[in-house]
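What follows is a set of notes on a single structure, which appears directly below.
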There are 2 protein chains.
Amino acid sequence: MANEKDDIYYMKIALQQAVIAEKNGEVPVGAAVLLSDGSLHTAHNAPISLNDASAHAEMRAIRAACSATDNYRLPGSTLYVTLEPCCMCAGAMVHARIARVVFGASDAKTGAVESLYQLLSDKRLNHQVQITSGVLGKNCGALLTDFFAKRRRKA
Amino acid sequence: MANEKDDIYYMKIALQQAVIAEKNGEVPVGAAVLLSDGSLHTAHNAPISLNDASAHAEMRAIRAACSATDNYRLPGSTLYVTLEPCCMCAGAMVHARIARVVFGASDAKTGAVESLYQLLSDKRLNHQVQITSGVLGKNCGALLTDFFAKRRRKA
């Protein structure tokens, strides 16, 4: 599972989801949950489109994977996401017992995996998540930088 | 809004939701979001019943309120919940721009408002939430203590 080529393959799929988010006028973040049975559950960021404050890409991918497997926990799964998860999404990963997270760009403002908080390695919580960061980080970050630059020009 | 009598009134409604959760075999936690228009959106904890790791009472109440108002943000709202919110739920409150949270029992193991983390007062995040804790705290806590004691006896 921790194969670098595989990580890049799945991060490219998460990036495709981020592009869909951007086309919908949402902050371009995409995610994919790879379950232990090999099935993949993708999602794009969609809080505005869905009128749902919780509809980050990671949350939607976790909920889709839970629903597909009829299980509120996803042991042995890997979550790929283009941006470092926030507190909400990192918290959901702990609840879902995600085994490993792979993310692209760091988020200095709200990142809760390495930047502001290190929730996934907090031994006080009842589950820890293995972390790989910086996979296609430049591509994932460029998508976000371009999005916010365009938005500023429009404002 | 910060009237003590009102807080007790709405916490009793959240407690009724916690009792529903318990009847469904879920950890007894209940929540209610009071919107600025006076409408109330209640929910009970339901991750196992719904096969959804994210289906805490607070998340479900926030999503219901967002859906009812066709808005991914809930400015001026108060969230009542019987147990101190976790990282996931506190994170969602920041995203939803909840103005105030009122909770009952503290959660020394996973509480992210006062206990393990103080996410809602973190000035590095782009929104802070006003906090009132300990409202009907003994009643809210007793429901949880009884639930886990019964579960241990069954095990």
Side-chain angles (χ1 to χ4, degrees), chain A residues 25-27 33 43 45-56 58-75 77 79 85-98 107-113 115-120 122-127, chain B residues 25-27 33 43 45-56 58-75 77 79 85-98 107-113 115-120 122-127:
Chain A
E26 303 271 4
V27 176
V33 171
N45 188 40
I48 304 168
S49 330
L50 296 179
N51 292 316
D52 180 356
S54 78
H56 281 192
E58 303 94 306
M59 299 296 284
R60 296 184 63 225
I62 288 172
R63 298 184 74 218
C66 283
S67 176
T69 54
D70 284 342
N71 196 340
Y72 73 113
R73 290 183 177 165
L74 307 168
S77 63
L79 190 149
C86 70
C87 291
M88 172 181 75
C89 295
M93 285 176 214
V94 173
H95 294 314
R97 306 291 191 265
I98 299 272
D107 185 347
K109 286 187 183 170
T110 65
V113 176
S115 299
L116 282 199
Y117 291 98
Q118 297 78 41
L119 297 184
L120 300 184
D122 187 337
K123 291 275 163 67
R124 298 172 302 174
L125 299 175
N126 59 2
H127 177 74
Chain B
E26 303 272 4
V27 175
V33 171
N45 187 41
I48 303 168
S49 330
L50 295 179
N51 291 316
D52 180 356
S54 77
H56 281 191
E58 304 93 308
M59 300 296 284
R60 296 184 63 223
I62 289 172
R63 299 184 74 216
C66 284
S67 177
T69 54
D70 282 342
N71 196 340
Y72 73 113
R73 288 182 178 166
L74 307 168
S77 63
L79 189 149
C86 70
C87 292
M88 173 181 74
C89 295
M93 285 176 212
V94 173
H95 294 314
R97 306 292 190 263
I98 300 274
D107 185 347
K109 285 189 183 169
T110 65
V113 176
S115 299
L116 282 198
Y117 291 99
Q118 297 79 40
L119 297 183
L120 301 184
D122 188 336
K123 291 276 163 64
R124 298 172 302 174
L125 299 176
N126 60 1
H127 177 74

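So that the names make sense, note that chain A is the first sequence line, chain B the second, and so on, each numbered from 1.
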Gap between atom NE2 of A:His95 and atom SG of B:Cys89 - 0.5 Å precision: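 The NE2 atom of A:His95 is 6.0 Å from SG of B:Cys89, to the nearest 0.5 Å.
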At what distance, to the nearest 0.5 angstrom, does CD1 of A:Ile62 lie from OG of B:Ser54?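 Taking CD1 in A:Ile62 and OG in B:Ser54, the distance rounds to 8.0 Å.
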Could you have a look at B:Ala53, B:Ala92, B:Gly91 and say which one has the most heavy-atom pairs with chain A under 4.5 angstrom?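 Most heavy-atom pairs under 4.5 Å with chain A: B:Ala53.
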Flag the pair [X] / [Y] as yes when at least one side-chain heavy-atom distance between them is below 4.5 Å, and no otherwise.
X: B:Leu116; Y: A:Leu125; answer: yes
X: A:Ile48; Y: B:Tyr72; answer: yes
X: A:Leu119; Y: B:Cys87; answer: yes
X: A:Met93; Y: B:Met88; answer: no

Region of B:Asn71 that comes under 4.5 Å of a non-hydrogen atom in chain A: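 The backbone, not the side chain.
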Over 60° means perpendicular and under 30° means parallel, so tell me whether B:Tyr117 and A:Tyr117 are parallel, tilted or perpendicular.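 Plane angle over 60°, so perpendicular.
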Just give me the residue among A:Leu50, A:Asp70, A:Leu74 that pairs up with chain B most often, heavy atom to heavy atom, under 4.5 Å.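 Option with the greatest count: A:Asp70.
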Applying salt bridge (charged side-chain N to carboxylate O under 4.0 Å, His left out), can you list everything that pairs with B:Asp122, at least two apart in sequence or on another chain?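 Once residues adjacent in sequence are excluded, the partners of B:Asp122 under the salt bridge (charged side-chain N to carboxylate O under 4.0 Å, His left out) criterion are B:Arg124.
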